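Note that ligands are numbered from 1 as they come in the structure, with each ligand's atoms numbered from 1 the same way. Remember, predicted model here, so these are calculated numbers, not experimental data.
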Amino acid sequence: MSDWQLQLGEDEAYRALQSAWEHVLDALSERVNKPSFESWIRTARPIAMDGSLVRLGTPSRFAKHYIETKHLDTIRDLLELELGQPLRVQIELVDATEPVLMVDRLPRKPVQRPPADEDEPLSQPLNKRYTFENFVVGPSNRLAHACAVSVAENPGKTYNPLFIYGGSGLGKTHLMQAIGHHIIESQPDLRVLYVSGETFTYHYITALREHKTAQFRRKYRDVDVWLVDDIHFLVGKERTEEEFFHTYNALYDTGKQIVLTSDRAPKELDLDNRLLSRFECGMIADIKPPDLETRIAIIQSKAASENMTLPYEVMLYIAGLITTNIRQIEGALIKLHAYASLMRAQVTQDLAQEVLGNYFTPPSQAIVDAEKVQKEVARRFNLDVSDLKGPSRTKDVVIARQVAMYLMRQLTDWSLPAIGRAFGGRDHTTVLHACKCIAAKIALDKAFCNLVEDLAKQIRDGRNC
Ligand code: ADP
Ligand code: MG
């Protein structure tokens with residue numbers, strides 16, 4: 001009996017894990033394209049739960065890699081919701097020869113073995129959501145997007161190579177795969193190969209081990225568009241880097257389109273200079289963290305695609321909470337959505353705070369004190385704090401007061417009534433009204449949006465305005 005089977009007891013905890021896993025499968029089946037889901041995700045099984053560690057098993061090395069690189073965070077988020085505790089998730093390779101289908105409610109079909117090497121598709125599957133249509137463009141990614149569109153429309157003719165770099169979760173893979181989708185659709189005769197640096201390394205090492213490097217080269221050089229994601233993975237792997245260099249040259253010299261992504265600019269990559277100078281011959285575009293407006297637009301677009309109704313103040317709350325990683329924004333939305341539907345609750349800012357507050361800390365850990373908000377807002381509007389607390393209803397004072405109330409709501413953990421009290425004993429409905437007015441104004445007026453964002457940043461960073 002395999003280790004895996006031994007741990008498949010019928011105990012309570014395992015049953016809870018199994019049922020949670022089924023829900024996770026349901027959720028993932030809607031997000032992942034069918035072939036990938038059936039081949040790589042459905043074949044995974046829960047093995048056991050050791051404290052906060054959930055161990056999932058899969059018989060395929062590729063599936064392990066695929067789940068780890070693409071879906072681990074989502075799986076963890078969903079399992080956390082299902083099981084109601086913070087978790088870590090680990091994917092393990094298990095022996096597929098044993099019948100693991102003793103778990104009742106899982107489909108009774110044989111576990112699929114990974115495809116034999118000969119048939120294994122070289123290209124990793126493209127995520128069907130990663131299209132240009134689903135990509136929100138803002139100042140932080142405009143250049144990279146424009147270059148990607150240009151390459152997708154004229155592969156091999158405009159920017160070659162196109163090198164996109166930026167921090168994690170900012171849309172590099174999305175843009176790269178959008179290029180792939182576009183070309184596959186518009187020029188179906190072109191062979192598109194999408195591969196991560198890690199998978200390239202894995203393919204190469206496997207080919208070396210199995211004495212199949214000639215076949216490896218043939219396959220890799222027989223493509224028209226080569227998309228290599230996360231090439232920083234090659235740093236420090238000399239032989240793979242050398243092989244990459246030869247593949248690169250072979251394709252480049254025959255006018256094939258090459259697109260690369262990395263978490264760093266080429267000059268910061270510790271790769272062979274011959275390679276770096278080749279990257280620099282093409283177009284280099286970076287992606288920066290999105291500004292507030294773009295974050296809100298992304299949240300709006302994700303919520304719409306999930307058929308999720310989100311009040312504007314909740315969008316603002318999330319956009320204020322997570323500022324540097326769009327993958328985390330998505331994770332937050334999934335958590336919120338799942339929680340609201342499990343609890344059959346309306347999504348409100350209080351719910352969002354309850355669900356997300358423990359997972360995400362506002363930028364720079366800042367829960368700031370209320371007095372500081374009032375002081376900085378008053379200073380920015382050339383007023384005194386006493387004006388904000390007093391009875392004046394002149395336009396300037398009203399706006400400043402509302403901004404201060406709004407920022408207090410965003411940056412402190414004060415309740416609505418407590419905020420009202422801090423402004424000369426105003427009612428909590430006045431504070432709520434202020435927050436709504438400011439949220440609406442932010443949505444409509446870019447300059448105002450910048451002003452509020454800037455103020456929030458200054459207050460958090462503790463700088464004087
Ligand atoms: P990276 O490869 O830079 O780490 P990804 O491309 O995997 O980031 O993006 C992380 C998630 O954020 C993906 O689900 C992607 O669809 C989403 N995303 C990133 N940028 C955008 C954008 N501009 N518009 C819409 N979704 C985005
Ligand atoms: Mg990526």
Parallel, tilted or perpendicular: ring planes of F279 versus F163, cut at 30 and 60 degrees: tilted
Y66 and W40 aromatic ring geometry - parallel, tilted or perpendicular at 30°/60° bounds: tilted
Within-shell test, G167 vs ligand 1, heavy atom, strictly < 4.0 Å: yes
Rounded distance (nearest 0.5 Å) linking atom OG1 of T199 with atom NE2 of H65: 2.5 Å
Among all the protein's non-hydrogen atoms, which is closest to [atom], and how far away is it?
atom	answer
atom 7 (O) of ligand 1	R327 NH2, 2.9 Å
atom 20 (N) of ligand 1	I326 CD1, 3.3 Å
atom 6 (O) of ligand 1	H174 N, 2.8 Å
atom 26 (N) of ligand 1	K302 NZ, 2.8 Å
atom 24 (N) of ligand 1	V136 N, 2.8 Å
atom 11 (C) of ligand 1	E330 OE1, 3.6 Å
atom 2 (O) of ligand 1	T173 OG1, 2.8 Å

Any N or O of V137 closer than 3.5 Å to N or O of ligand 1: no
Backbone or side-chain N or O of G169 under 3.5 Å from ligand 1 N or O: yes
Salt bridge flag under 4.0 Å for residues D350 and R409: yes
Carboxylate-amine/guanidinium proximity below 4.0 Å for K64 and E68: yes
Per atom 21 (C) of ligand 1, closest listed option by heavy atom (F132, Y165, F135, Y130): F135
Which atom of M408 lies closest to which atom of V373, heavy atoms considered: N-CG1, 4.0 Å
Closest contact, heavy atoms only, Y204 versus R239: CE2-O, 3.7 Å
Can you list the ligand 1 atoms lying under 4.0 Å from a non-hydrogen atom of [X]?
X	result
G171	1 (P), 3 (O), 5 (P), 6 (O), 8 (O), 9 (O), 19 (C), 20 (N)
N141	23 (N)
S168	4 (O)
K172	1 (P), 2 (O), 3 (O), 4 (O), 6 (O), 8 (O)

R274 to F245 six-membered ring, cation-pi geometry met (6.0 Å, 45°): yes
Ring-face cation of K335 near Y339 (centre distance under 6.0 Å, axis angle within 45°): no
is_close_aromatic(F200, F216), centroid dist under 6.0 Å: yes
Heavy-atom side-chain proximity of E280 to K267 below 4.5 angstrom: yes
Mode of N134 contact toward ligand 1 - side chain, backbone, both, neither (heavy atoms, under 4.0 Å): backbone
S168 near the Mg ion (ligand 2): N/O/S under 2.8 Å: no
